[in-house]
Structures are given as structure tokens and as C-alpha cells.
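To start, the structure under review is shown below, and the notes come after it.
Only a predicted model underlies this, so the values are computations on that prediction, with no experimental measurement involved.
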Amino acid sequence: MEPTEKNPDPHHIFIDEVQGHQRRWLKVIQFTSSSTKAAAIMLAAAVVALIIANSPAFESFEEFWHTHVIIGVGSLIGEMSFAHIINDIFMAVFFLLVGLEIKYEMTVGELTNIRQAALPIIAACGGVLAPIVIYCIFNVSNPETSHGWGVPTATDIAFALGIMALLGNRVPNGVRVFLSTLAVADDIIAILVIAIFYGQSPSLAWLGVAAVILVVLILLNRAHVYALAPYLLVGCLLWFAVFMSGVHSTIAGVLLAFTIPTGSRVDLSRFMQWSGDRVREANDAYIATEPVTLQKDYMTTVSRLSQVARQVVPPATRLEHMLYPWVYFAVLPLFALTNADVSFLGGDVLAMVTSPVFFGVFFGLLLGKPIGIMLFSFLTVKFKIASLPENVNWIHMLGAGILGGVGFTMAIFVANLAFPEAVLIADAKIGILSASLLAGVIGFLFLFMQAKAAERQGIAYVSASLDEMVRPTAGEEAADIADDVVLGLGDDDLVDDVRDVLISEGGVAEFVIHEKQARDSAEAAEADDVTGMRP
């Protein structure tokens with residue numbers, strides 16, 4: 001049994017006095033693992049920034065973020081404003097997390113099977129090219145604004161998946177996998193665009209230093225160093241070298257992510273036997289009538305077991321789980337608070353919303369993204385390079401394509417790099433915010449209509465996994481809802497059939513559950529009511 005809000009300690013491992021603490025801690029874990037809540041907090045931060053930017057407090061607000069922090073030792077003195085700390089240092093941590101997610105997808109996730117990943121990867125290419133074309137239609141003749149073509153090219157994975165999570169289990173898992181894989185491919189393209197087109201003239205000397213540091217990180221990986229501390233310490237040096245080179249420093253986060261090991265330093269097959277032996281040793285050594293601190297043999301055994309068990313989880317996975325709540329609930333809201341501050345006071349609003357930058361970014365995201373994604377998806381299916389995911393139709397695909405136009409975080413980030421003038425950055429931000437809002441609402445409505453149709457038919461799409469399978473963060477909420485759906489039907493035979501299909505499908509499967517039939521008849525567990533299939 002897994003811990004739940006009502007029963008945070010199903011196996012009663014912890015003493016009665018701390019059950020309340022366990023319940024509260026579980027609520028914190030559930031909250032900070034929610035992509036929907038992360039998106040809501042980022043949206044709230046953006047709204048706060050817009051309100052302050054159009055109030056008398058804006059000048060003080062802006063001055064605060066431009067306050068410089070000075071750090072120095074002897075003659076070595078460095079200074080950086082709060083805004084630059086967020087954009088250059090904190091966002092490097094965001095890119096480190098993005099890099100870890102990309103590496104996960106490339107090693108054990110959706111990008112390992114090229115045929116399975118072909119549809120979202122090709123669709124992502126279309127979702128990049130079409131916005132560039134639309135942006136250039138409005139700006140190609142203007143040398144001051146033509147460099148902003150990269151702004152409407154990237155999808156904000158947190159917002160897009162947060163919106164989709166609102167639909168729960170009424171949307172097939174194939175749509176969620178398609179959108180998340182597309183967003184990862186988008187991020188890869190965006191990272192390349194930033195590295196190649198939006199840095200300063202690079203310093204070859206500092207690039208050489210960065211290359212040497214990167215080699216050190218690779219050697220650490222090859223030497224099977226599984227402790228995180230050496231990678232993070234050398235990663236700080238890599239960040240500094242990349243920062244000094246003129247290439248945007250956030251790229252250091254991605255490079256660092258690809259050097260952190262994804263394997264475990266523990267031989268898992270031997271660990272199972274070893275850990276079982278240690279548990280038996282601890283059980284034999286434990287004396288219920290004595291205080292734990294006096295039981296030396298017992299304490300020694302459980303300490304050894306604890307030290308080794310911590311090392312079973314790969315370093316990349318440990319770091320990803322460690323960073324996720326900080327990035328999505330602190331770094332990105334701070335980024336939104338400092339970068340969504342578009343002021344309409346004292347400015348020509350009409351000029352802002354009729355500028356070529358606004359048109360290029362707005363229509364690039366709102367129209368270019370879905371047009372490119374749908375066109376390239378259609379051609380991919382038409383030429384039989386790949387097929388639509390199971391249970392997914394073209395309305396689902398259109399909804400996902402429109403959600404691809406939610407480009408908040410990465411788009412604002414690129415806008416800050418692309419335009420030297422504050423006026424052009426403001427025009428781009430207005431285009432990003434308005435297009436992302438409309439894309440989010442329209443994309444949600446398209447998928448909501450399909451969800452209502454599924455609800456009228458009493459159909460739920462259940463993505464289930466065996467207890468030992470690790471679920472991707474993006475699908476965790478839907479998977480929890482899925483568990484409730486299966487268990488809520490109250491049919492033990494149905495649950496057994498679900499587990500049988502999971503075993504036959506390698507541990508992960510999607511089910512189409514006809515809820516009304518499952519509740520009303522004894523044939524709920526038959527093949528007509530539950531159909532297992534690979535996502």
C-alpha cells in the first residue's frame with residue numbers, strides 16, 4: 001500500500017506521536033509534486049508582477065530588483081543585480097533540471113524508442129519552424145526586430161502540462177506523453193538556439209577553459225564517481241567559465257546535467273540479497289525492552305543498511321527530485337515576478353499592440369505553434385513514419401498543438417536575450433502573455449470538449465503501473481486519479497485483470513474503462529470493459 005492523505009503510514013512504521021507530522025509532510029510532498037499547482041503559482045507571480053508594474057509602486061519595485069550584490073575577497077570583487085542573479089544563476093539551475101529531464105527521456109523515457117518518439121519530435125520541429133516563418137513575415141525587413149525570431153519557438157512545459165492535468169483521466173495518456181515529449185524536444189531546440197544565436201561574441205580563451213572543465217566532469221562520470229558534491233562543485237566552475245565566455249551561462253546547467261550519472265553505484269541484484277540479510281541481522285539483534293541507543297549491534301546494522309540504500313537511487317534521479325520543488329515553486333515564480341512586469345502607464349498601448357514584434361510573437365505562438373505541430377504531425381502519419389497514439393484522435397492533437405503555444409518561461413527568457421531595447425522587450429512580453437493566455441484557454445477548451453464526450457460515454461482513460469515502477473512527474477497526478485478510478489469500481493476481479501495486463505505489458509499500460517458497465521454488471525472484468533494497451 002502507498003501512503004495517502006488519510007493514511008500516511010499504511011504499514012505503521014512510525015510511532016503514533018508523529019503520525020500528525022507524517023500527514024502534514026505528505027501534504028507538502030503532494031503539493032510540491034503537482035504540476036498544476038506549480039503552474040498556478042507561476043501564473044499568480046506573473047499577475048502580481050503585472051499589477052505592480054501598473055501601479056505607483058513600480059519604480060520602487062524595479063529599483064529593488066536592480067539592487068547590486070557585491071561579493072569580494074581582497075582584490076577579487078564581483079557584483080550582480082538581483083535580477084541578473086535570477087536570470088543568470090537561478091535560471092541556470094532551471095536549465096540543469098531541464099537537462100536532467102531531457103537526459104531521462106533520452107536514456108529510459110520516450111526518446112529512447114525513435115519510432116515511438118518520431119511523431120512528437122517531428123511535430124516539435126514543425127512547431128519551431130512555423131512560428132519563425134510567421135514572425136519573419138512581420139519583421140524580416142526590420143533589422144532592429146528581425147533577430148527576435150527565436151522568441152515564439154518554445155513551449156512552456158510546466159504551464160502546458162499543468163493545464164492538461166486539470167482534465168484528469170478524461171484525456172488519454174497518449175496526449176500527455178505526446179505533449180510532454182514535444183515540449184522536451186522543444187527545449188532541446190531552444191537550448192541550441194540560445195547557445196548558437198543569442199550569446200555575445202564568445203571569448204575563445206574562456207570557451208577553452210569551459211571545455212577543459214567539461215572534460216573533467218566527463219572524466220568524473222567515466223571514473224564512476226556517483227557522489228553529487230564533486231559534480232556540483234565543478235559545475236559551479238563550469239558556470240563561471242561559460243558566463244565569462246559570452247555564451248549564455250544557463251547553458252552550463254544543461255552541460256552539467258548530461259555528465260551526471262544515471263546509473264546506480266549499487267549492484268541491484270546483489271543488493272536485494274544483501275539488504276535482506278541485514279534486515280534479518282537487525283531483527284535478531286533488536287531487543288524490545290532496551291533503549292535503541294544502547295543496542296550497538298542493531299544500530300550498526302541499520303546504519304549500514306541506510307547508507308547503502310541511499311546510494312541505490314542514481315545521482316541524476318536524486319538531484320532531479322531535489323531540484324523539482326525549488327525550481328517550480330521558487331525559481332520560476334521569481335523569474336515570472338521579475339520578468340512579467342509590463343507597464344502600460346505612460347506608454348502608448350496602441351503602439352505596443354500594433355508593433356511588428358507583438359504581431360510576430362503573438363501570431364507565432366497562437367497560430368504558428370498549432371499550425372506547425374498539426375501540419376508536421378499529419379505528414380508524419382500520412383507517410384506512415386509514425387501513427388497517432390492509442391485512443392488519441394485529431395481533436396486531441398489539435399488541443400495539444402494549441403497548448404504548445406503556451407510559451408511563457410522560455411519565450412520571455414529568449415526575449416530578454418534577443419532585444420537590447422526595453423521597448424521591444426515590452427512589446428514581445430505583451431505578445432507572449434496574451435498569446436499564452438489565449439492558447440491555454442483555447443487548448444483547454446478543445447481537450448475539455450473531448451473529455452466531456454468521454455464522460456458522457458462513461459469512459460475513463462487509466463494510466464496504471466506496477467507498484468515498483470517509477471512514474472514520470474508529468475503524469476503523476478493523472479496516475480493517482482487512475483488508481484482511484486480502478487479501486488473505486490469495487491471489483492476485485494477487475495483489479496486482478498489490470499495487474500495481469502500490466503505484467504504482460506512490461507509494467508506500464510493504459511486502460512479504457514467503461515465505468516457504468518463496470519458498476520452495473522458482473523461482466524465488468526471482461527475484455528469488452530477493460531482493454532489493456534501500451535501507451
For [Y], is there any backbone N or O sitting under 3.5 Å from a side-chain donor or acceptor partner on [X]?
X	Y	answer
Y328	I41	no
S264	V313	no
K103	F258	yes
D187	A154	no
T107	Y104	yes

- For side-chain contact (heavy atoms from CB on, under 4.5 Å), just list the numbers for L417 and F413, CA-CA rounded to whole Å, side-chain angles, deciding distance to a tenth of an Å, and then say yes or no. CA-CA 7 Å; L417 300 177; F413 189 81; 3.8 Å; yes
Drop me the distance from [X]'s [atom1] to [Y]'s [atom2], to the nearest 0.5 angstrom.
X	Y	atom1	atom2	value
R176	M164	CZ	CE	7.0 Å
L379	L375	CG	CG	4.5 Å
K382	K384	NZ	NZ	9.0 Å
L447	M397	CG	CE	11.0 Å
M374	I402	CE	CD1	8.5 Å
F446	H396	CZ	NE2	12.5 Å

- Hey, mind stepping through T262 and T317 against side-chain contact (heavy atoms from CB on, under 4.5 Å) and telling me if it holds? CA-CA 7 Å; T262 55; T317 304; over 6 Å; no
Test item: [X] and [Y] side chains (from C-beta on) under 4.5 Å apart, heavy atoms:
X	Y	value
V98	V254	no
I191	I102	yes
S146	V140	no
L256	F95	no
V193	V414	no
L319	L96	yes
I395	M449	no

Hits for ring-ring contact (aromatic ring centres under 6.0 Å, His included) against F378, two or more places apart or cross-chain, chain-then-number order -> none
field: By ring-ring contact (aromatic ring centres under 6.0 Å, His included) - contacts of F94 (at least two apart)
entry: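 Here no residue qualifies.
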Tell me the side-chain hydrogen bond (donor to acceptor under 3.5 Å, both in side chains) pairs involving [range], sequence neighbours left out?
range	answer
residues 412-424	N339-N416
residues 430-445	none
residues 123-134	none
residues 151-165	T155-D186, D156-T409

For a side-chain contact (heavy atoms from CB on, under 4.5 Å) with L403, tell me which candidate from L182, L179, V175 qualifies.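 Only one of L182, L179, V175 forms a side-chain contact (heavy atoms from CB on, under 4.5 Å) with L403, namely L179.
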Shortest non-hydrogen separation from [X] to [Y] and the atoms involved:
X	Y	answer
V151	A418	CG2-CB, 4.4 Å
A53	V342	CB-O, 3.6 Å
L424	E144	CD1-O, 3.7 Å
S377	I373	OG-O, 2.6 Å
I432	I412	CD1-N, 3.6 Å
A39	G162	CB-CA, 4.3 Å

Notebook entry, point to check: Should we say atom CH2 of W25 is surrounded by more than 12 heavy atoms from elsewhere, each under 6.0 Å from it?
Noted result: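 No, CH2 of W25 has 12 or fewer neighbouring heavy atoms, counting only those of other groups under 6.0 Å.
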- Query: Can you check side-chain contact (heavy atoms from CB on, under 4.5 Å) on N87 and F335, steps first, answer last?
  - Reply: CA-CA 7 Å; N87 290 340; F335 177 81; 3.4 Å; yes
Assess whether side-chain contact (heavy atoms from CB on, under 4.5 Å) is satisfied between T181 and V177, documenting all intermediate values.
CA-CA 6 Å; T181 309; V177 171; 3.9 Å; yes
What pairs of donor and acceptor atoms, side-chain ones from residues 349-363 against any protein atom, are under 3.5 angstrom apart with sequence neighbours left out?
from	atom 1	to	atom 2	distance (Å)
T354	OG1	L350	O	2.6
S355	OG	M352	O	3.2
S355	OG	F358	N	3.2
S355	OG	D427	OD2	3.3

Look at the rings of F159 and F408 and say which category their plane angle falls in: under 30° parallel, 30 to 60° tilted, over 60° perpendicular.
->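 The rings of F159 and F408 stand perpendicular, inter-plane angle above 60°.
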Pair up each side-chain donor or acceptor in residues 118-136 with any protein partner under 3.5 Å, not counting sequence neighbours, and list the distances.
from	atom 1	to	atom 2	distance (Å)
Y135	OH	T145	O	2.5

Sequence neighbours excluded, the answer for side chain to side chain contact (heavy atoms under 4.5 Å, CB included) partners of L334 is W65, I86, F90
List in chain and number order the residues that pass side chain to side chain contact (heavy atoms under 4.5 Å, CB included) with F444, two or more places apart in sequence or in another chain; answer none if no residue qualifies.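 Here the qualifying residues are I163, L166, L167, F448.
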Practice problem: Answer yes if the ring centres of H147 and F197 are under 6.0 angstrom apart, and no otherwise. | Solution: no
Taken in chain and number order and not counting sequence neighbours, the residues that satisfy side chain to side chain donor-acceptor pair (under 3.5 Å) with S249 are W239
Residue set satisfying side chain to side chain donor-acceptor pair (under 3.5 Å) with W149, at least two apart, ordered chain then number -> none
